[in-house]
Amino acid sequence: MSTISVALSRRLAQAHAQAGQRYLAAPVFGRPDMAAAGKLFIVAAGDPATIEACQPLFSAIGQKTIPIGTEPAAANLVKLSGNFLMASAIEALGEAIALVGKAGIDRRAYVDLLTSTVFNVPVYKTYGNLIAQGQFEPAAFAAPLGYKDIRLALSAAETLRVPMPLASLLHDRFLRLFAQGGEKLDWSAIGGLATQDAGDYQSATTSLMSSAT
């Protein structure tokens, strides 16, 4: 259920098969509060009979199980692609919030507007509010984990010969965050970098700035 590379998932599947054991990949989507409430989304891949056998466990921790294929590695690739999309949303939110914030528009009101109209989805609500408030501690999903997932997505993309220029940008944004001491922050802290880039240090997040010092 870990977020691992496609290559490792394939090695694990082979090793379990050689040992006469069943193996599924079943990574999840959802932050810790969703896990505590048993509301995770589980992406499962592998033998359908094995998925069915594991369903009581999945039902105990998740609100929905989505089978995605018979090869376990497919679930891991889907998970990595999903985390890439979330990191992309964080970066885009950070840039948009920096833009309106420097113009003197209330950052929280802006996020409320977006998430109650055209972007009425959990990712924009959760991360938009964190970025607008500059609330990157305590980390629900630590930045090094997000960086790891972007690296794994890029590795899969290289293997499949799929250019992912935005993933390369995110890779460098994480490196910049770490260069100023942001390893312990939530991964949404990369969304706070745009405010610094804009020179709007009055609006720059307390957590992000304090981590740099």
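Bear in mind that the values here come from a model prediction, so they are computed numbers and not experimental data. Side-chain atoms are counted along with the backbone in the values below, which use heavy atoms only and exclude waters and symmetry mates. The first residue of the sequence shown is numbered 1, and numbering continues consecutively from there.
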List the atom of K79, the atom of V28, and the distance in Å for their closest heavy-atom pair.
NZ-O, 2.6 Å

Contacts of I4 meeting side chain to side chain contact (heavy atoms under 4.5 Å, CB included) (sequence neighbours excluded), chain-then-number -> S2, L8, S9, L12, Y23, N76

Quick check: do W187 and M86 have side-chain heavy atoms less than 4.5 Å from each other?
yes

List the atom of G128, the atom of V111, and the distance in Å for their closest heavy-atom pair.
O-CG2, 3.5 Å

Is the backbone of E137 close enough, under 3.5 Å, to the side chain of Q135 for a donor and an acceptor to pair up by distance?
yes

With sequence neighbours left out, write down each residue that passes side chain to side chain contact (heavy atoms under 4.5 Å, CB included) with D112, or none if nothing qualifies.
N129

K102/D197 salt bridge by N-O under 4.0 Å criterion
no

Partners passing side chain to side chain contact (heavy atoms under 4.5 Å, CB included) against D47 (at least two apart in sequence or in another chain):
A49, T50

Nearest 0.5 Å, what's the CD1-CG distance between I150 and L175?
11.5 Å

Between F174 and R151, is a side chain to side chain contact (heavy atoms under 4.5 Å, CB included) present by the stated rule, with each step listed?
CA-CA 10 Å; F174 278 109; R151 286 193 298 106; over 6 Å; no

Residues at least two apart in sequence or cross-chain that pass salt bridge (Lys or Arg N to Asp or Glu O under 4.0 Å) with R22, listed by chain then number, are none

Would you say K148's side chain and T3's backbone share a donor-acceptor pair under 3.5 angstrom?
yes

Distance-only donor-acceptor pairs under 3.5 Å for side chains of residues 138-147, two or more places apart:
from : atom 1 : to   : atom 2 : distance (Å)
Y147 : OH     : H171 : NE2    : 3.3

For the residue pair A44 and A75, what are the closest heavy atoms and their distance?
C-CB, 4.3 Å

For L170 and S88, what are the C-alpha separation, side-chain angles and deciding distance, and is it a side chain to side chain contact (heavy atoms under 4.5 Å, CB included)?
CA-CA 7 Å; L170 292 168; S88 300; 3.6 Å; yes

Hydrophobic cluster membership, with links at side-chain heavy-atom distances under 4.5 Å among I/L/V/M/F/W/Y: are L113 and V100 in one?
no

Sequence neighbours excluded, every pair satisfying salt bridge (Lys or Arg N to Asp or Glu O under 4.0 Å) that has a member inside residues 115-127:
none

Could you work out, with salt bridge (Lys or Arg N to Asp or Glu O under 4.0 Å) as the rule, every residue matching R11, not counting sequence neighbours?
none

Contact summary for S5 and L80, nearest pair of heavy atoms
CA-CD1, 4.5 Å

Indicate, with yes or no, if V118 and V121 share a hydrophobic cluster defined by side-chain heavy-atom contacts under 4.5 Å among Ile, Leu, Val, Met, Phe, Trp and Tyr.
yes

Apply side chain to side chain contact (heavy atoms under 4.5 Å, CB included) to L177 and F136, showing your working.
CA-CA 12 Å; L177 180 67; F136 304 130; over 6 Å; no

So does E52 have more than 12 non-hydrogen atoms from other groups sitting under 6.0 Å from CD?
no

Let me confirm one number: the CZ-CD1 distance from R108 to I97, rounded to the nearest 0.5 Å.
11.0 Å

Contact list for residues 89-98, test side chain to side chain donor-acceptor pair (under 3.5 Å), sequence neighbours left out:
E91-R173

What distance separates Y110 OH from I105 CD1, expressed to the nearest 0.5 Å?
8.5 Å

Sequence-distant partners of D149, salt bridge (Lys or Arg N to Asp or Glu O under 4.0 Å), two or more places apart:
none

Output the distance between atom CG (D172) and atom CD1 (I190), rounded to the nearest 0.5 Å.
11.0 Å

If you apply the rule side chain to side chain contact (heavy atoms under 4.5 Å, CB included), what do you find for F29 with L40, and how did you get there?
CA-CA 6 Å; F29 287 109; L40 294 169; over 6 Å; no

Among all residues two or more places apart in sequence or in another chain, which pass the side chain to side chain contact (heavy atoms under 4.5 Å, CB included) test with A89?
V123, Y124

Group every Ile, Leu, Val, Met, Phe, Trp and Tyr by side-chain heavy-atom contacts under 4.5 Å, then state whether F41 and L77 land in the same group.
yes

Any donor-acceptor pair under 3.5 Å from Q63 side chain to K39 backbone:
yes

Restricting to pairs with a member in residues 79-98, which pass ring pair (Phe, Tyr, Trp, His ring centres under 6.0 Å), not counting sequence neighbours?
none

Note: G94 and A194 closest approach over all heavy atoms is O-CB, 3.5 Å

Let me confirm one number: the CD1-CD1 distance from I42 to I68, rounded to the nearest 0.5 Å.
13.5 Å

Donor-acceptor pairs under 3.5 angstrom involving side-chain atoms of residues 155-163: please list them, not counting sequence neighbours.
from : atom 1 : to   : atom 2 : distance (Å)
T159 : OG1    : S155 : O      : 3.2
R161 : NH1    : E158 : O      : 2.6

Return yes if some donor-acceptor pair links the side-chain N/O of R107 with the main-chain N/O of I131 below 3.5 Å, else return no.
yes

Looking at OG1 of T65 and CD of Q55, how far apart are the two atoms once the value is rounded to the nearest 0.5 Å?
4.0 Å

